[in-house]
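The structure appears right after this line, and notes come after that.
We count residues from 1, following the sequence as given. Excluded from the calculations below are hydrogen atoms, water molecules and symmetry mates; all remaining heavy atoms, backbone and side chain alike, are included.
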Amino acid sequence: QVQLVESGGGSVQAGGSLRLSCAASGRTFGIFTMGWFRQAPGKERDFVAAINWSGGGSTYFADSVKGRFTVSRDNAENTVYLQMSSLRPEDTAVYYCAADSGGHTISLWERSTSYDYWGQGTQVTVSR
């Protein structure tokens, strides 16, 4: 069992920055990849970014956030971060972190079905 708790959400103006955290607890030794997803009201849950947790720390980003978002890890604190910059109103969503314990290949990191555990989400609102 793995528990994930997101934090750091809030309201910012367009062009601003926000840093999200995802703290993992429980059987964290089994985590292979940590991912970030987001979902706006009435829309599908979309992939944002992912980082390898147990290995070399490879990262992968959705095209919509490349160059604006970064993802990093602190394995000692069992925490993954999503640094969001140059935020746009279309970034408004509930952001979720997820943990993959199955060791999927990088080509599958963008699929929500690759992840076994999910946090409850944190709201990010970007105003014009």
How long is the straight-line distance from [atom2] of [Y] back to [atom1] of [X], given to the nearest 0.5 Å?
X     : Y      : atom1 : atom2 : result
Arg73 : Thr59  : CZ    : OG1   : 10.0 Å
Met34 : Asn75  : CE    : CG    : 10.0 Å
Ser72 : Arg19  : OG    : CZ    : 6.0 Å
Leu4  : Gln120 : CG    : CD    : 10.5 Å

> For the residue pair Ser54 and Ile31, what are the closest heavy atoms and their distance?
Replying inline: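 Closest heavy-atom pair between Ser54 and Ile31: CB-O, 3.5 Å.
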> Does atom CD of Gln13 have more than 12 heavy-atom neighbours from other groups under 6.0 Å away?
Replying inline: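 Not more than 12 within 6.0 Å, no.
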>> Check this for me: Glu90, atom CD, are more than 12 non-hydrogen atoms of other residues, nucleotides or ligands nearer than 6.0 Å?
In response: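 Counting neighbours around CD of Glu90, more than 12 heavy atoms of other residues, nucleotides or ligands fall under 6.0 Å, so yes.
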>> Given Ile51, which partner from the list Thr33, Val80, Leu82, Thr70 fulfils the side-chain contact (heavy atoms from CB on, under 4.5 Å) test?
In response: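 Considering Thr33, Val80, Leu82, Thr70, a side-chain contact (heavy atoms from CB on, under 4.5 Å) with Ile51 is found only for Val80.
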> With a 6.0 Å cut-off on ring centres, are Phe37 and Trp118 close enough?
Replying inline: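 Ring centroids of Phe37 and Trp118 are less than 6.0 Å from each other.
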Close side-chain approach of [X] to [Y], heavy-atom, < 4.5 Å:
X      : Y      : value
Asp116 : Asp100 : yes
Met84  : Leu20  : yes
Phe61  : Arg68  : no

Connected via hydrophobic side-chain network under 4.5 Å: [X] and [Y]:
X      : Y     : answer
Val94  : Val71 : no
Tyr115 : Trp53 : no
Tyr96  : Val2  : no
Val65  : Tyr81 : no
Val48  : Val12 : yes

> Salt bridge or not for Arg88 and Asp91, using N-O below 4.0 Å?
Replying inline: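 Result for this pair is no, no salt bridge flagged.
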Judged by atom type as modelled, is there a donor-acceptor pair below 3.5 Å linking the side chain of [X] to the main-chain atoms of [Y]?
X      : Y      : answer
Glu6   : Thr122 : no
Ser114 : Leu108 : yes
Ser85  : Ser17  : no

> What residue among Phe47, Phe69, Trp109 forms ring-ring contact (aromatic ring centres under 6.0 Å, His included) with Tyr60?
Replying inline: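 Only one of Phe47, Phe69, Trp109 forms a ring-ring contact (aromatic ring centres under 6.0 Å, His included) with Tyr60, namely Phe47.
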>> Against Tyr95, only a single residue in Arg38, Gln123, Gln39 fulfils side-chain hydrogen bond (donor to acceptor under 3.5 Å, both in side chains); can you say which?
In response: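 With Tyr95 as partner, side-chain hydrogen bond (donor to acceptor under 3.5 Å, both in side chains) holds for just one option, Arg38.
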